[in-house]
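Okay, so here's the structure we're looking at.
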Amino acid sequence: QVQLVESGGGLVQAGGSLRLSCAASGRTFSSYHMGWFRQAPGKEREFVATISRSGEITYYVDSVKGRFTISRDNAKNTVYLQMNSLKPEDTAVYLCAANSGLIVSVLPKRYNYWGQGTQVTVSS
């Protein structure tokens with residue numbers, strides 16, 4: 001079992017930056033593809049970014065390409081989401097998740113473990 005704890009959220013003005021972290025428990029972190037999702041009030045959970053076990057493969061939703069960067073440090077059992085040029089429409093609860101499947105995925109149902117989330121609010 002993997003426990004995930006996000007941190008780094010907060011209130012930022014449009015155009016600003018935040019770096020989210022997701023710390024994982026256990027010794028098998030490197031066996032999971034990791035993903036970041038977000039959920040705004042009244043909206044469905046949305047895929048943001050994913051990274052493969054080794055970190056060689058990354059994939060982003062179109063709306064964040066060029067602004068967000070996902071990375072991981074397997075020695076620290078941590079995955080990161082660097083968010084630059086933030087927009088008010090990026091406001092949401094951001095959740096990290098672990099996927100034990102064979103390939104990276106944008107589908108929430110492919111992820112086995114989820115964190116509780118961290119709030120990101122971008123003011124205009």
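Everything quoted here is computed from the prediction, not taken from an experiment.
To the nearest 0.5 angstrom, Met34 atom CE is 12.0 Å from Ser52 atom OG. Separating the CZ atom in Arg72 from the OG1 atom in Thr58 is a distance of 12.0 Å, to the nearest 0.5 Å. Taking OH from Tyr111 and CG from Leu4, the interatomic distance works out to 11.5 Å, rounded to the nearest 0.5 Å. To the nearest 0.5 Å, the span separating CG on Leu86 from CZ on Arg67 amounts to 6.5 Å. With rounding to the nearest 0.5 angstrom, the SG atom of Cys96 is 9.0 Å from the CD1 atom of Ile70. Note that CD of Glu46 is 12.0 Å distant from CG of Leu95, once rounded to the nearest 0.5 Å.
For Phe68 and Trp36, the ring centers are positioned 6.0 Å apart or more.
Around the CZ atom of Arg110, the shell of radius 6.0 Å holds no more than 12 heavy atoms that belong to other residues, nucleotides or ligands. Taking a 6.0 Å sphere around NZ of Lys65, one finds it holds more than 12 heavy atoms contributed by other residues, nucleotides or ligands.
Counting only N and O atoms by type, the side chains of Asn99 and Ser105 include no donor and acceptor under 3.5 Å apart.
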When the side chains of residues 15-26 are checked against the rest of the protein, which donor-acceptor pairs come out under 3.5 Å, sequence neighbours left out?
residue	atom	partner	partner atom	Å
Ser17	OG	Asn84	OD1	2.9
Ser25	OG	Gln3	N	3.0

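Following chains of ILVMFWY side-chain contacts shorter than 4.5 Å, one can reach Val106 starting from Val93, so the two form part of one hydrophobic cluster. Under the 4.5 Å side-chain heavy-atom criterion for ILVMFWY residues, a single connected hydrophobic cluster contains both Val12 and Met83. Residue Val120 is grouped with residue Tyr60 when hydrophobic side chains (ILVMFWY) are merged at heavy-atom distances under 4.5 angstrom, including chains of intermediate members. Note: the hydrophobic cluster containing Val48 does not contain Tyr80 (ILVMFWY, side chain heavy atoms under 4.5 Å, direct or indirect links).
Formation of a donor-acceptor pair under 3.5 Å by the Glu6 side chain with backbone atoms of Gln116 is found in this model. Side-chain atoms of Thr91 come within 3.5 Å of backbone N or O of Val122 as a donor-acceptor pair.
Using a 30° and 60° split on the angle between ring planes, Trp114 and Phe37 fall in the tilted class, from 30° to 60°.
By the ring pair (Phe, Tyr, Trp, His ring centres under 6.0 Å) test, Tyr94 is found to be paired with no residue, residues two or more places apart in sequence or in another chain being considered.
The heavy-atom pair separating Ile51 from Ser71 by the smallest distance is CD1-CA, 3.7 Å. Between Ala14 and Ser124, the shortest heavy-atom distance links the atoms CB-CA, 4.4 Å.
Checked for salt-bridge contact, Lys87 and Asp90 miss the test: no charged N lies under 4.0 Å from a carboxylate O.
In this structure, Ile103 belongs to a hydrophobic cluster whose other members, linked by side-chain heavy atoms under 4.5 Å apart, are Leu102.
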Worksheet item: Going through the distances and angles, do Arg53 and Ser30 end up as a side-chain contact (heavy atoms from CB on, under 4.5 Å)?
Response: CA-CA 5 Å; Arg53 297 183 183 98; Ser30 60; 5.8 Å; no
